[in-house]
Amino acid sequence: MKIVIIGGTGLIGTKTAARLRNKGHEVLAVSPKTGVNTVTGEGLAEALAGAEVVVDLANAPSWEDRAVLEFFETSGRNLLAAEGKAGVKHHIALSIVGTERLPENGYFRAKLAQEKLIKASSIPYTIVHSTQFFEFLKGIADEATVGTVARLSPASFQPIASDDVADAVADVALGKPLNGTIEIAGPERGRMHEIVARYLKATNDPRTVEADVHARYFGSELDDRSLVPGEGARIGKIGFEDWVRHFQQG
Ligand SMILES: NC(=O)c1ccc[n+]([C@@H]2O[C@H](COP(=O)([O-])OP(=O)(O)OC[C@H]3O[C@@H](n4cnc5c(N)ncnc54)[C@H](OP(=O)(O)O)[C@@H]3O)[C@@H](O)[C@H]2O)c1
């Protein structure tokens, strides 16, 4: 089966492509670097010719509110239109647990817009809602840091290793379209400020962490439901300590 991975050079794209290739599928992992751009449309029709499944793992180069919205809307429209013409039978997209709950977060708004386009299209689909990747903990700390202190919400938090995300996305790509959304998360639930503090300590980062219930996460205050999945989520195998020791470098 021919499977096209959009954003196939990225963190999750690379890992998902490897898993699907190992299972014997014809995988085309594409991105602007390989001449396929979902914003301009360059190379899209050629890449999708004969594809049964498309996995959209692209990410926007700028996370500024308007730029990121424009990216996911334009990319989504172009991709779904090209898939319609190519007769693609299953569209998979990776989004975030809680996109519908944080309207003040511009990145979440853009991902929600991407999801709406998918649901409104005629292509059978599955949306995978993931919690934050362990690989993103540094980005979370950086966004919350002033001077040497990261002020972070103590809200419930359940990050996941990118390897577990890629396992889940690869399984979904080989399954039937659900025309719905599944949730995935890491094996341990904790408090955001504590998990980020553990990450900083494990990476010898000298910053300190302060808990603040009003600290904003990319624009939004959080509560204990904001970023964690509901019942029935697929839970990854790799815990935080395991990831720090064995997986962090790749
Ligand atoms: N970070 C998190 O914690 C988290 C949580 C849940 C869901 N997600 C979602 O997971 C997805 C994958 O994230 P990631 O961290 O693997 O991304 P990433 O490593 O930043 O990779 C982004 C990919 O998108 C490609 N890309 C950029 N512009 C493109 C365009 N115009 N057309 C086609 N491809 C384009 C890049 O290609 P080049 O290499 O050619 O630039 C690259 O392959 C994203 O959609 C994100 O929203 C992330």
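When a ligand or atom number is given, it counts from 1 through the structure's own listing order.
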For [atom], the protein heavy atom that lies nearest, with its residue and separation:
atom                    : value
atom 16 (O) of ligand 1 : Ile12 N, 2.9 Å
atom 7 (C) of ligand 1  : Ser95 O, 3.2 Å
atom 46 (C) of ligand 1 : Tyr107 OH, 3.3 Å
atom 3 (O) of ligand 1  : Phe133 N, 2.8 Å
atom 25 (C) of ligand 1 : Gly7 CA, 3.8 Å
atom 44 (C) of ligand 1 : Ala58 O, 3.5 Å
atom 35 (C) of ligand 1 : Pro32 CD, 3.3 Å

Looking only at side chains, do Thr99 and Glu115 share a donor and an acceptor under 3.5 Å apart?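 Yes, a side-chain donor-acceptor pair sits under 3.5 Å.
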Under 3.5 Å side-chain donor-acceptor pair for Ser226 and Asp223: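 Yes, Asp223 and Ser226 have a side-chain donor paired with an acceptor closer than 3.5 Å.
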With a 4.0 Å cut-off on heavy atoms, is Val36 in contact with ligand 1?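 Val36 counts as a contact of ligand 1 under the 4.0 Å cut-off.
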May I ask you to check if ligand 1 and [X] share an N or O to N or O distance below 3.5 Å?
X      : answer
Asn37  : yes
Gln132 : no
Ser31  : yes
Gly10  : yes

Show which atoms of ligand 1 fall inside a sub-4.0 Å distance from at least one heavy-atom site of [X].
X      : result
Phe136 : 1 (N), 3 (O)
Ile96  : 6 (C), 7 (C)
Phe71  : 28 (N), 29 (C), 30 (C), 31 (N)
Ser130 : 6 (C)
Thr131 : 5 (C), 6 (C)

Salt bridge flag under 4.0 Å for residues [X] and [Y]:
X      : Y      : answer
Asp163 : Lys15  : yes
Arg109 : Asp65  : yes
Arg216 : Glu104 : yes

Pick, from Asn59, Val30, Leu94, Leu79, the option with the minimum heavy-atom distance to atom 20 (O) of ligand 1.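 Minimum heavy-atom distance to atom 20 (O) of ligand 1 goes to Asn59.
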Taking the minimum heavy-atom distance to atom 19 (O) of ligand 1, which of Leu57, Leu11, Thr9 ranks first?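 That would be Leu11.
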Criterion side-chain contact (heavy atoms from CB on, under 4.5 Å) on Leu80 and His91, from CA distance to verdict: CA-CA 8 Å; Leu80 292 162; His91 175 96; 3.8 Å; yes
Hey, is the main chain of Val228 close enough, under 3.5 Å, to the side chain of Arg225 for a donor-acceptor pair?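 Confirmed, Arg225 side chain pairs with Val228 backbone.
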Applying a heavy-atom cut-off of 4.0 Å, say which part of Lys111 lies close to ligand 1: side chain, backbone, both or neither.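 Side chain only; the backbone of Lys111 stays clear of ligand 1.
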I would like to know whether Asp171 and Arg19 meet salt bridge (charged side-chain N to carboxylate O under 4.0 Å, His left out); could you show each step before the answer? CA-CA 9 Å; Asp171 285 350; Arg19 282 157 172 75; over 6 Å; no
Run the side-chain contact (heavy atoms from CB on, under 4.5 Å) check on Arg207 and Asp142 step by step: do they pass? CA-CA 10 Å; Arg207 284 178 284 180; Asp142 291 350; 2.9 Å; yes
Would you call the rings of Tyr217 and Phe108 parallel, tilted or perpendicular if under 30° counts as parallel and over 60° as perpendicular?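 The rings of Tyr217 and Phe108 stand perpendicular, inter-plane angle above 60°.
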In terms of ring plane angle, is the pair Trp63 and Tyr107 parallel, tilted or perpendicular, where the classes change at 30° and 60°?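 If you compare the ring of Trp63 with that of Tyr107, the planes turn out tilted.
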CD on Glu100 to OG on Ser95, rounded to 0.5 Å: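 So the OG of Ser95 and the CD of Glu100 are separated by 9.0 Å.
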